[in-house]
Asker: 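Have a look at the structure that comes next, please.
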There are 2 protein chains.
Amino acid sequence: MDGDRLDEILDRLRDRGGRVTTARRAIISELLRGGGHITAEELTAAVQAAHPDVHTSTVYRCLETLGELGIVEHAHLGHGPAVYHLADDTHQHLVCESCGSVLEVPAEVFAVTDARLRDEFGFTATLGHFAIVGRCAACTGLKSRRRRPTEH
Amino acid sequence: MDGDRLDEILDRLRDRGGRVTTARRAIISELLRGGGHITAEELTAAVQAAHPDVHTSTVYRCLETLGELGIVEHAHLGHGPAVYHLADDTHQHLVCESCGSVLEVPAEVFAVTDARLRDEFGFTATLGHFAIVGRCAACTGLKSRRRRPTEH
DNA sequence: TTAGCTGCAAAAGGTTTGCAAATTA
DNA sequence: TAATTTGCAAACCTTTTGCAGCTAA
């Protein structure tokens, strides 16, 4: 059940010293529902549907706090606003610069390069903060062995 | 000589239908001098040292045009302003989220992952637009076999 | 000459902040 | 009760735009 998931996260929030408020509960539920890729503005609108006086600045502040507590993460898919998702679902975004479609790929795909960056440069990469830009299968005429891009 | 390099780029600019103006010449010289990683604001200041009435908006417009003509590129290293560099030096930026240092790594390092993205997802990645975030050797205590991060 | 650039001023877009009042633990 | 969080308004920072005048080709 989804409520269980929510309660689990709220407990984690409390455990880490944060307070559970209407705004935070609503934001986390919405992130659970939507499954990620939501901007602060969209999130605000969704939250305000049920709680009209939750202000945009509150949403930003909640997202910041939840970020610091390791509950939420954000990613940059392009030049527009950042998108937010729960921190337990880390993945890399591939964004098509031609059609804007977004493909999520699992961390595992980057294992070889990760190892190389660590070996040769001592650099430990954190996946997912910035998208990788390029061109999707549909826009290049290449065929993909796996998933198709999601609409954007 | 550096002037040769500049003239070569200005010719390219003309060839591609752009006009050579004071602002554009100054911007390109500055990018040649500085070697990249310069923000629009820094670039404006540098240009204004010699040409005080080149306006910020002109710099942005020049950078945009030069981008469309394939002469300049920009990259996002973090949450701040974008940084600009000449297009003939494409590379990937690794940014340390702890100390902010920036490491440039050649495209070749990503060859295996690139091939995999193309094979499995039909996605052709364009390197360098967004940085890869992580932690540098100094901040993790790992040793690196190659270069050290540059100051930021 | 004339399409392409530029300066200026103003606005846009996303995000952050100061402060007093409200709320959580 | 005490420390956090919130609503609101206003600011911030980077980048974009409209427009009339200027300039490179």
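All values below come from the heavy atoms of this structure, side chains included, with hydrogens, waters and symmetry mates left out.
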Asker: C:dG13 P sits how many Å from A:Glu41 CD, rounded?
Answerer: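 The distance from CD of A:Glu41 to P of C:dG13 comes to 10 Å, rounded to the nearest Å.
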Asker: Side-chain N or O of A:Thr58 less than 4.0 angstrom from OP1 or OP2 on D:dG7?
Answerer: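 Answer is yes, contact under 4.0 Å.
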Asker: Assess whether a salt bridge exists between B:Arg61 and B:Glu64, defined as any Lys/Arg side-chain N lying under 4.0 Å from an Asp/Glu carboxylate O.
Answerer: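 The answer is no: the pair does not qualify as a salt bridge.
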Asker: Would you kindly give the CZ-to-C1' distance between B:Arg25 and C:dT6, to the nearest whole Å?
Answerer: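 Nearest whole value for this atom pair: 15 Å.
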Asker: Determine the contact category for B:Gly80: base if any of its heavy atoms lies under 4.0 Å from a base atom, sugar-phosphate if only primed atoms, P, OP1 or OP2 are that close, otherwise nothing.
Answerer: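 Answer is nothing: B:Gly80 stays at 4.0 Å or more from every strand.
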Asker: Relative to the 5' end of DNA chain C, which residue comes earlier, B:Leu13 or B:Pro52, by the nucleotide with the nearest heavy atom?
Answerer: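 First, find each residue's nearest nucleotide; the 5'-ward one identifies B:Leu13.
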Asker: Within the structure, does a side-chain N or O atom of A:Arg14 lie under 4.0 Å from either OP1 or OP2 of C:dA25?
Answerer: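 It does, given that an N or O in the side chain of A:Arg14 lies less than 4.0 Å from OP1 or OP2 of C:dA25.
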Asker: Using atom CG of B:Leu10 as one end and atom P of C:dC5 as the other, report the distance to the nearest whole Å.
Answerer: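 B:Leu10 atom CG is separated from C:dC5 atom P by 13 Å.
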Asker: Given atom CG of A:Asp53 and atom P of D:dT6, what is their separation to the nearest angstrom?
Answerer: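 Taking CG of A:Asp53 and P of D:dT6, I get 12 Å after rounding.
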Asker: At less than 3.5 Å, do the side-chain atoms of B:Arg61 and the base atoms of C:dG4 form a donor-acceptor pair?
Answerer: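 A donor-acceptor contact between them is absent.
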Asker: Between B:Arg19 and B:Thr56, just flag the one whose closest nucleotide in DNA chain D comes earlier from the 5' side.
Answerer: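 Nearer the 5' end of the strand: B:Thr56.
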Asker: Between D:dT5 and A:Thr65, is there an OP1 or OP2 to side-chain N/O distance shorter than 4.0 Å?
Answerer: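 False: A:Thr65 side-chain N/O out of range (4.0 Å or more) of D:dT5 OP1/OP2.
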Asker: Rounded to the nearest angstrom, tell me the gap between atom NE2 in A:His51 and atom P in D:dT5.
Answerer: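 Distance check: A:His51 NE2 to D:dT5 P gives 18 Å.
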Asker: Quick one: does A:Arg25's side chain have a donor or acceptor within less than 3.5 Å of a partner on A:Val20's backbone?
Answerer: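 Checked: no pair found.
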Asker: Has B:Arg24 got a side-chain N or O lying under 4.0 Å from the OP1 or OP2 atom of C:dC5?
Answerer: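 Affirmative; the distance criterion is met.
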Asker: How many whole angstroms separate atom CD of B:Glu68 from atom P of D:dT16?
Answerer: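 Rounding to the nearest Å, CD of B:Glu68 and P of D:dT16 are 11 Å apart.
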Asker: Does atom CZ of A:Arg16 have more than 12 heavy-atom neighbours from other groups under 6.0 Å away?
Answerer: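 Atom CZ in A:Arg16 is packed in, count exceeds 12.
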Asker: Hey, is the side chain of B:Tyr60 poking within less than 4.0 Å of OP1 or OP2 on D:dT16, counting only N and O atoms?
Answerer: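 Checking D:dT16 against B:Tyr60, no side-chain N or O comes under 4.0 Å of OP1 or OP2.
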Asker: Where the side chain of A:Pro81 is concerned, which of C:dG14, D:dA9, C:dT6 is the nearest nucleotide?
Answerer: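 Selected nucleotide: C:dG14.
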Asker: Specify the separation, in whole Å, of atom CG of B:Leu69 and atom P of C:dG4.
Answerer: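 Answer to the nearest Å: 12 Å.
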Asker: Is the shortest heavy-atom distance from the side chain of A:Phe123 to the side chain of B:Thr140 under 4.5 Å?
Answerer: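 They are not in contact (no side-chain heavy atoms under 4.5 Å apart), so the answer is no.
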Asker: Hey, are B:Thr56 and B:Glu41 close enough side-chain-wise for a donor-acceptor pair under 3.5 Å?
Answerer: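 No - no donor-acceptor pair under 3.5 Å links their side chains.
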Asker: Round to the nearest Å and state the distance from A:His79 atom NE2 to D:dC13 atom P.
Answerer: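 Going from A:His79 (NE2) to D:dC13 (P), I get 21 Å.
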Asker: Could you tell me whether the phosphate oxygens of C:dT6, OP1 or OP2, come under 4.0 Å of any side-chain nitrogen or oxygen in B:Ser57?
Answerer: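 Result: no.
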